[in-house]
There are 2 protein chains.
Amino acid sequence: MYQIGEVATLAKVSIRLLRHYDEIGLLAPSGRSEAGYRLYAHGDLQRLQQILFYRTLEFPLEEIKRLMTAPGFDRHAALLQQRELIRRKAQELGAVLDLLEHTIAGIDPSGQEKNTMSTKEMFEVFPDMKQEYQDEAQERWGNTDAWKQSAARWSKYTRADMERMKQEMAQVFGQLEKVFAAGTRPDAPAAIAAIEAQRLLSDKWFYDCPKELHVKGTEWVARDERYVRNIDKNCPGLAAWMHQAAKANLTAG
Amino acid sequence: MYQIGEVATLAKVSIRLLRHYDEIGLLAPSGRSEAGYRLYAHGDLQRLQQILFYRTLEFPLEEIKRLMTAPGFDRHAALLQQRELIRRKAQELGAVLDLLEHTIAGIDPSGQEKNTMSTKEMFEVFPDMKQEYQDEAQERWGNTDAWKQSAARWSKYTRADMERMKQEMAQVFGQLEKVFAAGTRPDAPAAIAAIEAQRLLSDKWFYDCPKELHVKGTEWVARDERYVRNIDKNCPGLAAWMHQAAKANLTAG
DNA sequence: TTAGGGCCTCACGCAACGGGAGAGTCAATC
DNA sequence: GATTGACTCTCCCGTTGCGTGAGGCCCTAA
């Protein structure tokens, strides 16, 4: 059991931060001394490490909390995902570097511009990732050989991961179909539970997907028609029902 | 002249951000339309680009403002420095990646830990190190005034950075020694190539160093006698030869 | 002339802490 | 046993960097 100060020096964060994380319920120390001192166990440190990884990726704390306290949270999968996201961030930095080089090349040391950059060029990298990814995805997925190209993004998962995903997906969708087939209304508790399970699973596997592929909240149905059609082919009407359920889930939460 | 919305889409930032930067006097548009619309000129876009580079580096806006409105502000130098800092950031990310790999390797896919990481290891990278490295630096540079002044600057390096630097330095100096030992004249192409490599590396690692420790261009020989003595201890005559080579490099370039 | 964008200025809100103030705790030392 | 100094606690206010309306003007196009 470590005191708060020890943890702070170990993890190179401030004591205030640790107290803050306790306050918001993100990282509650697993014990307290008689005097009320926070006492952190090894597991708490592991959790802190995870949190810091997420923070490096600029996830909002609230999101981190949601992810990590979700019933199906899988540390190994999370680490793989984080690795992938960090790789991508590194690439983005690389792009910024390229832009810098380009900019530097465009002026000489005296500060005079040799050849003016176009206004488009000037910002051709700053990663407002949201927009960028959406464009990229649109471009990517608008094409016929889209599936081929998608292989790249999936390549980060191992075969075992994929198996696990398929199984988990199958289970969740099986549950959804069952509830749907039973004629359950989309705002019934059973439906909401099922759709929430699906949402959690989506978050787990697709969190870093561009929105077009991203099944999240109520949005996805409108976004990815291919996905919707597939669902409806297997079970006509299910997609729309899921959409309703997701809405009900949102207003319920 | 661009309207605020155009600038926003170009630079992929929000309109609110632009207004905010105007409010705090960081980026005032160089004109207004009759109706009071903000009008941005090309120069404003350049300035915005710079600001965004700084923001990528997480400089506080107040600091960015201070830097950019300072009388001696040099765009070219700023870009070089930004490039260096971004490189460093990328390296830090690399260190995080290493830690992630290490962590992943320590557990198996089922989530069971194979071999527990030590608590120290667990955090051995998160933006970090001040203390550890300062000790090393103190040992190396002694308690000189120069060291005091440069302590802040060095505290920015991670331990991984230092490792990398040492390796790269060793390589470059190895090459220098080899060329020198072969009796090459300091104005020969091989010598110039070697000294240029050294200069580039210096720029990379010491760009924003105080001059006392700063190995740059031909300057360093006169500045840091300790450094020179060290070089000569390892390889008598090399320092002077490097000085010559650096001069030849300057006149050649 | 009316609708639909785009723009304006307040003005309040929020996340993620930083930084005290005031007070208890704990081990070592006088 | 009393004091000292380092460590901790709980409020609670402050700050940065915007997000997000509200309410209202500008401007073109139908």
Side-chain angles (χ1 to χ4, degrees), chain A residues 1-41 44 47-48 50-69 123 126-131, chain B residues 1-41 44 47-68 126-128 130-131:
Chain A
M1 294 298 232
Y2 304 85
Q3 284 194 180
I4 196 169
E6 304 177 73
V7 177
T9 43
L10 264 172
K12 292 144 204 161
V13 298
S14 71
I15 290 185
R16 182 65 182 84
L17 178 145
L18 290 174
R19 285 205 265 255
H20 183 56
Y21 287 2
D22 186 8
E23 259 176 49
I24 64 173
L26 178 56
L27 178 68
S30 47
R32 290 267 182 152
S33 79
E34 278 195 12
Y37 286 19
R38 270 164 262 251
L39 294 178
Y40 294 83
D44 299 333
R47 192 178 163 95
L48 175 56
Q50 283 270 335
I51 292 172
L52 293 183
F53 281 132
Y54 277 125
R55 199 185 60 158
T56 303
L57 291 164
E58 288 157 289
F59 279 44
L61 298 188
E62 199 51 44
E63 179 74 1
I64 301 179
K65 183 176 162 188
R66 224 181 41 74
L67 283 170
M68 295 187 62
T69 59
F123 301 99
F126 285 111
D128 186 34
M129 326 197 339
K130 293 142 211 169
Q131 193 49 45
Chain B
M1 295 297 231
Y2 304 85
Q3 285 194 176
I4 197 170
E6 305 176 73
V7 178
T9 43
L10 264 171
K12 291 150 203 159
V13 297
S14 72
I15 291 185
R16 181 61 179 92
L17 178 145
L18 291 174
R19 287 207 263 254
H20 183 57
Y21 288 2
D22 186 6
E23 260 176 47
I24 65 174
L26 177 56
L27 179 68
S30 47
R32 290 268 183 153
S33 80
E34 278 195 10
Y37 286 20
R38 270 164 263 252
L39 294 178
Y40 293 84
D44 299 335
R47 192 178 163 95
L48 175 57
Q49 191 203 27
Q50 283 269 338
I51 293 172
L52 293 182
F53 281 132
Y54 277 125
R55 198 185 60 160
T56 302
L57 291 164
E58 287 156 290
F59 280 45
L61 298 187
E62 200 51 45
E63 178 75 1
I64 300 179
K65 184 176 161 189
R66 225 180 39 74
L67 282 170
M68 295 187 61
F126 287 110
D128 76 291
K130 278 161 199 170
Q131 202 41 55

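Order of the sequence lines sets the chain letters (A, B, ...), proteins ahead of strands, with each chain counted from 1. Computed from a prediction, not measured in an experiment: that's the story for all the values here.
For the side chain to side chain donor-acceptor pair (under 3.5 Å) test, no residue two or more places apart in sequence or in another chain qualifies with Arg55(B). For Glu58(A), the salt bridge (Lys or Arg N to Asp or Glu O under 4.0 Å) partners are Lys89(A), not counting sequence neighbours. Scored by the side chain to side chain donor-acceptor pair (under 3.5 Å) test, Ser30(B) finds Asp44(B) as partners (sequence neighbours excluded). Under the side chain to side chain donor-acceptor pair (under 3.5 Å) criterion, Ser14(A) pairs with no residue at all, not counting sequence neighbours.
For DNA chain D, the outermost nucleotides in 5' to 3' order that have an atom under 4.0 Å from a heavy atom of chain A are dC7(D) to dC12(D).
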* Which nucleotides of nucleotides 9-19 of chain C have their base under 4.0 Å from a protein heavy atom (B), which only their sugar-phosphate (S), and which neither (-), written as one string 5' to 3'? -> B-B----BBBB

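Listed for the Lys12(B) side chain is a donor-acceptor partner under 3.5 Å among the backbone atoms of Phe123(A). Put simply, the side chain of Arg47(B) gets close to the backbone of Leu26(B): a donor and an acceptor are under 3.5 Å apart. Glu6(B) contributes a side-chain N or O that, together with a main-chain N or O of Gln3(B), makes up a donor-acceptor pair within less than 3.5 Å.
The two atoms that bring Arg32(B) and Leu39(B) nearest to each other are C-CD1, 3.8 Å, heavy atoms only.
Mapping Leu39(A) and Ser33(B) onto DNA chain D by nearest heavy atom places Leu39(A) closer to the 5' end of the strand.
Remark: Gln3(B) is in phosphate contact with dC7(C), judged by side-chain N or O atoms under 4.0 Å from OP1 or OP2.
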